[in-house]
K.L.:
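Mind having a look at this structure? Questions to follow.
Since we're looking at a predicted model, the values are computed, not measured. Just follow the structure's listing: the first ligand is 1, and inside any ligand the first atom is 1.
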Amino acid sequence: MRAVTWQGKRDVRVETVPDPRIEEPTDAVIKVTSSGLCGSDLHLYEVLTPFMTPGDILGHEPMGIVEEVGAGVPHLKPGDRVVVPFQIACGHCWMCTSGLPTQCETTQVTEEGMGAALFGYTRLYGAVPGGQAEYLRVPQAQFGPIKVPEGPADDRFLYLSDVLPTAWQAVEYAAVPPGGSVAVLGLGPIGDMSCRIALHRGAAQVIGVDLVPERLQRARERGVEVFDLNAFDKQGELVDAIRERTAGRGPDAVIDAVGTEAHGSPVARTQQNAAGLLPKAWAARLHQKMGADRLAALYLAIDLVRRGGTISLSGVYGGAADPLPMLTLFDKQVQLRMGQANVRRWVDDILPLLTDDDPLGVDGFATHHVPLTDAPHAYKMFQQKQDGAVKVVMHP
Ligand SMILES: NC(=O)c1ccc[n+]([C@@H]2O[C@H](COP(=O)([O-])OP(=O)(O)OC[C@H]3O[C@@H](n4cnc5c(N)ncnc54)[C@H](O)[C@@H]3O)[C@@H](O)[C@H]2O)c1
Ligand SMILES: [Zn+2]
Ligand SMILES: [Zn+2]
């Protein structure tokens, strides 16, 4: 089959690889019809390269048609239409039954000290072949895949794999009080959808911050009060401007939908780039012992949130030695919640919103639909924010 493979820093290629097959009774194989490109894929493209192996198949936002199932997957049959969550979880361990499938005790990557395995996401997360491919082997298929109805185009359901539950969890963890305010940093797919969900769930004031004009515009059109990072010389000026709009206190909650590659973090950027030049084993060790994120967005969140407010991190962070302003965090009595999205936990809340009247605007959410064979261009376009790309969906 054809699959998008990682070959090196900023080098992905579509290659012919062996077809996946059923290996365990709890496996399914699906024929992929749509596969999203995510901000998380961009971290692999550029920063997390020490944990990748050339040839790794990328992608963790797939949906498609069941091709084959193992004997241990009674609820699925060939021909079923399914969306596959980005994390692999068993559904029956203590963590899964506690609503934390990202911490699944059956699939935890214990050799690396990490949580549940993820599709297409480095050896830290189990080096599981991903879903930007014609076919995907889905382990633990007795729990993961979500059956969806026939009829609407894939885009209606595709974002159940990641964007929707991630944004839903971001808003849930933000705990915006009734009539309250939330600022969302980063208006990529996750931040944009977090704004939509916050508005839908009744936040009285939703503020968005980014620096890409068409991303700001997209959010503005849906009723978000947007601030362009580029319009401010210093972080303090932006914070003052937003405080002025939030009764002088700052928003009740801040969602960081940027993560480790935040624009405006020169020191860590140099370190991340330097690590990329080292031999692979050294770079991995450096990253695990001394790695630092580009923390501009997190610092902004800490500064911005009102005293006693909540910061919800959905942007991915991976640093082992990040300097944090504990004085400010402690003194402001900030509540901090974070993590990969527990996909299945939120699906029942989200599915009723995926209807013809489309309150979250999923049908028109993608800016680009491209053939899988265009993946090298799609990665570049999405990373460099060319051609108005916000959400790119690939089709094998
Ligand atoms: N927690 C999860 O389960 C989960 C799931 C999916 C994605 N993510 C993470 O969420 C983050 C966003 O993903 P995405 O797909 O929306 O990616 P994206 O890269 O398209 O979005 C990031 C946005 O942040 C903006 N930005 C950069 N620096 C900024 C700054 N200093 N202040 C404000 N905005 C800034 C960028 O212009 C961009 O629009 C990534 O870190 C991704 O890895 C987490
Ligand atoms: Zn994703
Ligand atoms: Zn489990």
K.L.:
Check the surroundings of atom CD in Q333: do more than 12 heavy atoms from other residues, nucleotides or ligands lie under 6.0 Å from it?
P.N.:
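Open: at most 12 neighbouring heavy atoms sit under 6.0 Å from CD of Q333.
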K.L.:
For atom 21 (O) of ligand 1, what is the nearest protein heavy atom, given as residue, atom name and distance?
P.N.:
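Of the protein heavy atoms, G188 CA, 3.5 Å lies nearest.
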K.L.:
Which atoms of ligand 1 sit under 4.0 Å from any heavy atom of D162?
P.N.:
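Near D162, the atoms of ligand 1 are 5 (C), 6 (C).
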K.L.:
Is any side-chain heavy atom of P145 less than 4.5 Å from a side-chain heavy atom of I30?
P.N.:
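SC-SC contact between P145 and I30 ruled out.
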K.L.:
Any idea which protein heavy atom is nearest atom 27 (C) of ligand 1, and the distance to it?
P.N.:
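Protein heavy atom at minimum distance: V258 CG1, 3.6 Å.
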K.L.:
Is the shortest distance from a heavy atom of S314 to ligand 1 less than 4.0 Å?
P.N.:
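S314: in contact with ligand 1 (<4.0 Å).
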K.L.:
With heavy-atom distances below 4.0 Å as the criterion, list the atoms of ligand 1 near A341.
P.N.:
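Every atom of ligand 1 under 4.0 Å from some heavy atom of A341: 1 (N), 2 (C), 3 (O).
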K.L.:
Hey, are Q87 and N342 close enough side-chain-wise for a donor-acceptor pair under 3.5 Å?
P.N.:
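Side chains of N342 and Q87: no pair found under 3.5 Å.
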K.L.:
Tell me which part of V163 gets within contact of ligand 1: side chain, backbone, both or neither, using heavy atoms under 4.0 Å.
P.N.:
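The answer is neither; V163 stays 4.0 Å or more away.
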K.L.:
Which atoms from ligand 1 have a heavy atom of H43 less than 4.0 Å away?
P.N.:
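Those atoms are 40 (C), 41 (O), 42 (C), 43 (O).
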K.L.:
For the pair Y45 and Y379, name the ring-plane relationship: parallel under 30°, tilted 30 to 60°, perpendicular over 60°.
P.N.:
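Taking Y379 first and then Y45, their aromatic rings sit tilted (interplane angle of 30° to 60°).
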K.L.:
Checking side-chain polar atoms at under 3.5 Å, does E15 have a donor or acceptor matched by the opposite partner on Q7?
P.N.:
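On atom types as modelled, these side chains qualify, holding a pair under 3.5 Å.
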K.L.:
Taking distance alone, with N or O pairs closer than 3.5 Å, would you say Y121 contacts ligand 1?
P.N.:
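By distance alone, the answer is no.
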K.L.:
What is the nearest protein non-hydrogen atom to atom 4 (C) of ligand 1, stated with its residue, atom name and distance?
P.N.:
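Result for atom 4 (C) of ligand 1: T166 CG2, 3.4 Å.
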K.L.:
As a test of reading the structure, name the N/O/S atom of E61 that is nearest the Zn ion (ligand 2).
P.N.:
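For E61, the N/O/S atom sitting closest to the Zn ion (ligand 2) is OE2.
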K.L.:
Under 3.5 Å between some N or O of ligand 1 and some N or O of P189?
P.N.:
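Yes: some nitrogen or oxygen of P189 is under 3.5 Å from one in ligand 1.
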K.L.:
To the nearest 0.1 Å, how far is atom 39 (O) of ligand 1 from its closest protein heavy atom, and which atom is that?
P.N.:
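Protein heavy atom at minimum distance: D210 OD2, 2.6 Å.
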K.L.:
Among all protein non-hydrogen atoms, which one is nearest to atom 31 (N) of ligand 1, and what is the separation to 0.1 Å?
P.N.:
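Here the closest protein heavy atom is H263 O, 3.2 Å.
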K.L.:
Ignoring hydrogens and angles, state whether a donor on the side chain of Q383 or E46 is under 3.5 Å from an acceptor on the partner side chain.
P.N.:
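Checked: Q383/E46 side chains pair up, N/O donor to acceptor below 3.5 Å.
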K.L.:
I'd like to know if G339 contacts ligand 1, where contact means a heavy-atom distance under 4.0 Å to any ligand atom.
P.N.:
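Distance cut 4.0 Å: G339 passes for ligand 1.
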K.L.:
At the 4.0 Å heavy-atom cut-off, does K391 count as touching ligand 1?
P.N.:
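Contact absent.
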K.L.:
Around atom 7 (C) of ligand 1, find the nearest protein heavy atom and jot down its residue, atom name and distance.
P.N.:
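Answer, as residue, atom name and distance: S40 OG, 3.2 Å.
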K.L.:
Do the rings of Y159 and F365 sit parallel, tilted or perpendicular, given the 30° and 60° boundaries?
P.N.:
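Perpendicular, since the angle between the ring planes exceeds 60°.
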K.L.:
Does ligand 1 have a heavy atom under 4.0 Å from the side chain of Q169, from its backbone, from both, or from neither?
P.N.:
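It is neither; nothing of Q169 touches ligand 1.
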K.L.:
I need the minimum non-hydrogen distance between P177 and R306, along with the two atoms involved.
P.N.:
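Answer, listing the atom of P177 first, then R306: CG-NH2, 4.5 Å.
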K.L.:
Quick one: are D56 and T5 in side-chain contact, heavy atoms under 4.5 Å?
P.N.:
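In short, these two side chains do not touch, never coming nearer than 4.5 Å.
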K.L.:
Among all protein heavy atoms in this structure, tell me which lies nearest to atom 22 (C) of ligand 1, with the distance rounded to 0.1 Å.
P.N.:
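Heavy-atom neighbour on the protein nearest atom 22 (C) of ligand 1: A257 O, 3.8 Å.
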K.L.:
List the steps, then state whether side-chain contact (heavy atoms from CB on, under 4.5 Å) holds for E261 with V47.
P.N.:
CA-CA 8 Å; E261 292 184 75; V47 178; 3.3 Å; yes
K.L.:
Evaluate the criterion salt bridge (Lys or Arg N to Asp or Glu O under 4.0 Å) for residue pair R156 and D154; output intermediate values, then yes/no.
P.N.:
CA-CA 5 Å; R156 180 73 61 87; D154 277 6; over 6 Å; no
K.L.:
Below a 4.0 angstrom heavy-atom separation, can you tell me which part of I190, side chain or backbone, both or neither, approaches ligand 1?
P.N.:
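Both backbone and side chain.
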K.L.:
More than 12 heavy atoms of other residues, nucleotides or ligands under 6.0 Å from CZ of R21: yes or no?
P.N.:
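No, CZ of R21 has 12 or fewer neighbouring heavy atoms, counting only those of other groups under 6.0 Å.
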K.L.:
Would you mind listing which atoms of ligand 1 come within a distance below 4.0 Å of any non-hydrogen atom of L229?
P.N.:
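Matching atoms, with element in brackets: 30 (C), 31 (N), 32 (N).
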K.L.:
Ring of W168, cation from R345 - is the NZ or CZ under 6.0 Å from the centre and inside 45° of the axis?
P.N.:
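R345 over W168 ring: no.
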K.L.:
Using a strict 4.0 Å cut-off to heavy atoms of V209, name the atoms of ligand 1 that fall inside it.
P.N.:
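In order of number, 33 (C), 34 (N).
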K.L.:
Could you check if a side-chain atom of I255 sits within less than 4.5 angstrom of a side-chain atom of S314, using non-hydrogen atoms only?
P.N.:
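Yes. Closest side-chain heavy atoms under 4.5 Å.
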K.L.:
Report, in ascending order of atom number, the atoms of ligand 1 lying under 4.0 Å from any heavy atom of R215.
P.N.:
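So the answer, numbered in order with elements, is 18 (P), 20 (O), 21 (O), 38 (C), 39 (O).
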K.L.:
Report, in ascending order of atom number, the atoms of ligand 1 lying under 4.0 Å from any heavy atom of V212.
P.N.:
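Reading through ligand 1 atom by atom, the close ones are 37 (O).
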K.L.:
Hydrophobic cluster membership, with links at side-chain heavy-atom distances under 4.5 Å among I/L/V/M/F/W/Y: are M1 and V32 in one?
P.N.:
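Unlinked, M1 and V32 end up in two clusters.
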K.L.:
Excluding waters, how many protein N/O/S atoms sit closer than 2.8 Å to the Zn ion (ligand 3)?
P.N.:
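Protein heteroatoms (N, O, S) closer than 2.8 Å to the Zn ion (ligand 3) number 4.
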K.L.:
Distance only, no hydrogens: is a donor on one side chain within 3.5 Å (strictly under) of an acceptor on the other, for H75 and D80?
P.N.:
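No pair is found: no donor N or O on one side chain lies under 3.5 Å from an acceptor on the other.
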K.L.:
Would you mind running through ligand 1 and noting each atom that sits below 4.0 Å from a heavy atom of F382?
P.N.:
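What qualifies from ligand 1 is 20 (O).
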K.L.:
So, is D162 placed with an N/O/S atom under 2.8 Å from the Zn ion (ligand 2), counting both backbone and side chain?
P.N.:
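An N, O or S atom of D162 is closer than 2.8 Å to the Zn ion (ligand 2), so yes.
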K.L.:
With heavy atoms only and a cut-off of under 4.0 Å, state how E261 meets ligand 1: side chain, backbone, both or neither.
P.N.:
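It is neither part, as no heavy atom is under 4.0 Å.
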K.L.:
What is the nearest protein non-hydrogen atom to atom 15 (O) of ligand 1, stated with its residue, atom name and distance?
P.N.:
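For atom 15 (O) of ligand 1, the nearest protein heavy atom is G39 N, 2.8 Å.
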K.L.:
Will you find, in the side chains of Q169 and W346, an N or O donor that is under 3.5 Å from an N or O acceptor?
P.N.:
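Per modelled atom types, Q169 and W346 side chains form a pair under 3.5 Å.
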K.L.:
Does ligand 1 have an atom that lies less than 4.0 angstrom from a heavy atom of F86?
P.N.:
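Yes, that is the case, since the closest heavy atom of the residue is under 4.0 Å from the ligand.
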K.L.:
More than 12 heavy atoms of other residues, nucleotides or ligands under 6.0 Å from NZ of K147: yes or no?
P.N.:
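Result for NZ/K147: enclosed.
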K.L.:
Surrounding CZ of R249 (heavy atoms of other residues, nucleotides or ligands, distance under 6.0 Å), is the total greater than 12?
P.N.:
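Atom CZ in R249 is not packed in, count stays at 12 or less.
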K.L.:
Could you tell me whether the side chains of Q140 and Q142 share a donor-acceptor contact shorter than 3.5 Å?
P.N.:
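Yes, Q142 and Q140 have a side-chain donor paired with an acceptor closer than 3.5 Å.
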